[in-house]
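Below is one structure, written out as structure tokens; the observations come after it.
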Number of protein chains: 2
Amino acid sequence: MPDEKKPAFAGNITADDVAAEAGVSRWTVNRAFRKDASISSKSLEKVRIAAERLGYVPDLRAASLASDRSNLVALLIDDFANPHKLVMMERLTRILRREGWDILLVNTLDRADAGHALLNASQRRVDAVILIGIQFDDEVLDTALHARRFRKLIIFARTSRNPNTISIAVDDVHAMKEIANYVHERGFRRPMFLAGPRTSSAHLLRKETFVDYWRQHFGSEPETVSVSAYDPTLAADIVENTLAGRNKATLPDILVCENDALAIGATDVIRHKLGLRIPQDIAITGFDDVPQAEGANYRLTTYRQPLTDMAEYLVKVLGSEEDRDFDRLFQGTLMIRDSA
Amino acid sequence: MPDEKKPAFAGNITADDVAAEAGVSRWTVNRAFRKDASISSKSLEKVRIAAERLGYVPDLRAASLASDRSNLVALLIDDFANPHKLVMMERLTRILRREGWDILLVNTLDRADAGHALLNASQRRVDAVILIGIQFDDEVLDTALHARRFRKLIIFARTSRNPNTISIAVDDVHAMKEIANYVHERGFRRPMFLAGPRTSSAHLLRKETFVDYWRQHFGSEPETVSVSAYDPTLAADIVENTLAGRNKATLPDILVCENDALAIGATDVIRHKLGLRIPQDIAITGFDDVPQAEGANYRLTTYRQPLTDMAEYLVKVLGSEEDRDFDRLFQGTLMIRDSA
DNA sequence: TAGCATTTTGCTCCCGCGAGCAAAATTAAT
DNA sequence: ATTAATTTTGCTCGCGGGAGCAAAATGCTA
């Protein structure tokens with residue numbers, strides 16, 4: 001007694017069924033669903049009609065198993081408190097899907113979990129792994145690569161020193177020098193650098209570049225403070241503790257932040273807890289250009305990463321057979337707004 | 001001439017290789033990697049060692065093909081401008097992964113794309129589809145269900161009237177009544193309701209509930225305004241256009257927003273463009289309790305959804321064989337802060 | 001219309017693993 | 001020690017489709 005009111009679970013319709021219905025062989029049916037296959041328009045039409053009637057769609061697991069191509073990429077991500085992650089995901093998922101790539105999303109809980117996350121992806125036989133998390137330092141990457149079961153490992157929006165990876169990122173060194181120059185030009189003299197987690201080796205680049213460049217060109221040694229995650233809430237706490245009780249003389253005149261997540265947290269606390277005005281009492285710069293940076297509330301001077309270009313480049317890399325590893329740096333744009 | 005400096009692509013090691021290495025049969029190797037299988041601890045150990053040496057991990061595509069269980073769920077999402085989506089994704093991915101579910105992420109570009117997105121998921125033979133997008137109205141759902149090739153269709157964080165779906169959501173009706181009562185108690189008399197897209201049939205519930213309840217209990221008819229997406233930037237524009245030029249008498253005394261994304265955009269523009277104080281000149285309430293709602297900048301009075309409980313319930317539903325469809329409503333919590 | 005080149009179709013043999021059963025090995029009971 | 005009960009192991013067959021080749025069908029030329 002079939003349950004009429006509920007749509008049936010149609011998982012068991014196979015190419016053989018369609019073949020029988022259309023009066024062709026199974027292989028002709030499969031060819032009808034492959035874009036490069038040689039098939040006459042007549043049988044294509046017959047198959048289309050039969051497939052439509054039966055509600056058939058090819059099984060990508062089986063296709064993947066037989067062809068050794070999954071058309072799946074794993075996206076390993078963490079750091080969900082950072083609003084920029086949402087932007088990156090949107091851009092990547094949109095462009096990858098447009099090019100026919102499906103995405104396996106893996107939330108990498110912490111550094112110890114990174115290996116499991118990679119293993120997870122391996123078992124699905126993904127064609128490539130894209131890392132947009134921050135937990136993947138060189139040590140983790142090495143063990144991951146040891147047991148690599150995917151063709152490409154791509155680090156997105158972060159530079160990597162590891163020779164066996166492909167990295168697609170903005171040119172941090174160039175960017176931070178541009179920021180440093182801008183800050184100095186605008187007359188700021190006592191910058192403080194607000195950095196992310198110390199463990200995040202790749203991002204150290206921004207801090208190091210800024211501090212070294214400032215020291216060499218403008219003499220003084222900038223103060224630096226570190227937050228244990230790219231989380232506005234944590235940044236707010238640290239900034240409050242660091243700056244509370246300072247007076248005009250001891251307060252930095254600008255807070256240069258490693259990214260917008262930190263800058264946003266800092267802005268909130270500086271205005272509402274410390275009661276200071278931005279940029280008059282203290283200016284702020286960020287990095288990433290998240291959507292809210294442009295809004296009326298923050299008007300944050302920041303550095304825009306060309307995410308769309310980077311994502312387009314990523315799909316090009318995925319499509320190419322070239323398996324030589326390399327890095328690719330993009331140039332961003334300084335977005336000057338009211339905060340500095 | 002093997003390339004020594006680069007880790008090999010180890011995709012071709014199969015259970016047969018491990019079997020030969022360990023001196024057992026292929027099936028014993030596979031059993032060693034299944035948790036419910038009957039295997040002696042001696043051969044388990046032998047297999048573990050051999051697998052470790054060869055770098056073997058089972059192929060989940062093949063396992064899925066043979067067992068008709070993929071342990072994969074598709075997560076269909078859109079509306080990336082809404083910060084609450086990031087929170088939902090974090091919670092869902094964390095809990096699903098903990099329970100052994102892998103996630104296929106699909107960015108549903110627009111309403112017309114919804115069908116393709118579902119098809120996409122079908123072809124990977126996912127065990128279930130989770131919808132956290134807003135594009136899925138009843139019409140789209142019906143065509144989706146027509147060709148259903150997955151066992152469960154779950155609508156998360158939204159109620160659905162469709163009888164063939166499972167929905168897990170917060171009790172919007174109860175919530176909006178609670179908000180309406182609170183607003184009235186605090187002495188507000190001229191609320192304006194800021195709603196999301198008119199097409200989003202499910203969310204209409206919040207607006208309708210608030211407006212009807214207010215009219216019935218407190219006499220007056222609240223003004224309502226609609227924004228075409230849950231995007232703070234768009235909300236800001238609409239609010240500015242709507243409220244600009246109004247004086248004390250014509251200005252609403254409180255802006256009740258359908259969710260925090262709208263409330264945040266409204267807050268920014270009310271403060272920085274219209275130059276009004278919150279809550280003295282105009283108060284604001286939201287819905288969702290996104291992380292920034294608690295921050296020093298917004299201090300938003302809003303309604304918290306019990307996301308963790310909802311996600312835990314979701315994995316329970318996924319695990320059960322029960323395929324009767326049903327809805328489950330959760331009770332949230334009114335978070336009273338400074339904005340109202 | 002014959003003769004040949006070119007498409008189109010069907011087929012064999014895999015891809016890597018699981019269900020379910022029969023044979024073998026181990027353990028328990030008498 | 002012998003037999004029965006139980007666990008462990010190996011095996012056949014199938015999951016749904018792809019690569020690559022041979023057979024069949026079609027198009028083209030003279």
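Protein chains get the first letters and strands the later ones, always in sequence-line order, with residue 1 at the start of each.
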Check every strand shown and say whether [X] touches a base, only sugar-phosphate, or nothing at a heavy-atom separation below 4.0 Å.
X        : value
Ile39(B) : sugar-phosphate
Ser43(B) : sugar-phosphate
Tyr56(B) : sugar-phosphate

When the nearest nucleotide of DNA chain D is assigned to Arg31(B) and to Ala66(B) on a heavy-atom basis, which residue is associated with the more 5' position?
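First, find each residue's nearest nucleotide; the 5'-ward one identifies Arg31(B).
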
Residue met sooner reading DNA chain D from 5', once Ala62(B) and Thr28(B) are mapped to nucleotides:
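The residue closer to the strand's 5' end, by nearest nucleotide, is Thr28(B).
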
Roughly how many Å is it from CG in Asp68(A) to C1' in dG20(D), rounded to a whole number?
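Checked: the CG to C1' distance equals 16 Å.
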
Distance in angstrom units between Lys46(B) NZ and dT8(D) P, rounded:
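Value for this atom pair: 14 Å.
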
[N] phosphate, OP1 or OP2: any side-chain N/O from [X] under 4.0 angstrom?
X        : N       : answer
Ser38(A) : dT8(C)  : yes
Arg69(B) : dG18(C) : no
Thr14(A) : dG17(D) : yes

Toward the 5' end of DNA chain C, which comes first, Lys42(A) or Arg26(A), by nearest nucleotide?
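Looking at the nearest nucleotide for each, Lys42(A) comes out on the 5' side.
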
Measure from the side chain of Asn30(A), starting at C-beta and using heavy atoms only, and say which of dG10(D), dG18(D), dT7(D) lies closest.
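The answer is dG18(D).
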
Please check if the side chain of Lys85(A) supplies one atom and the backbone of Ile132(A) the other of a donor-acceptor pair under 3.5 Å.
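Here the side-chain-to-backbone pair exists.
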
Determine which pairs satisfy ring-ring contact (aromatic ring centres under 6.0 Å, His included) with at least one residue from residues 90-124 of chain A, sequence neighbours left out, and list them in order.
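Those involving residues 90-124 of chain A do not exist here.
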
On a plain distance test, is the side chain of Trp27(A) in donor-acceptor contact with the base of dT8(C) below 3.5 Å?
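Flag unset: no donor-acceptor pair detected.
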
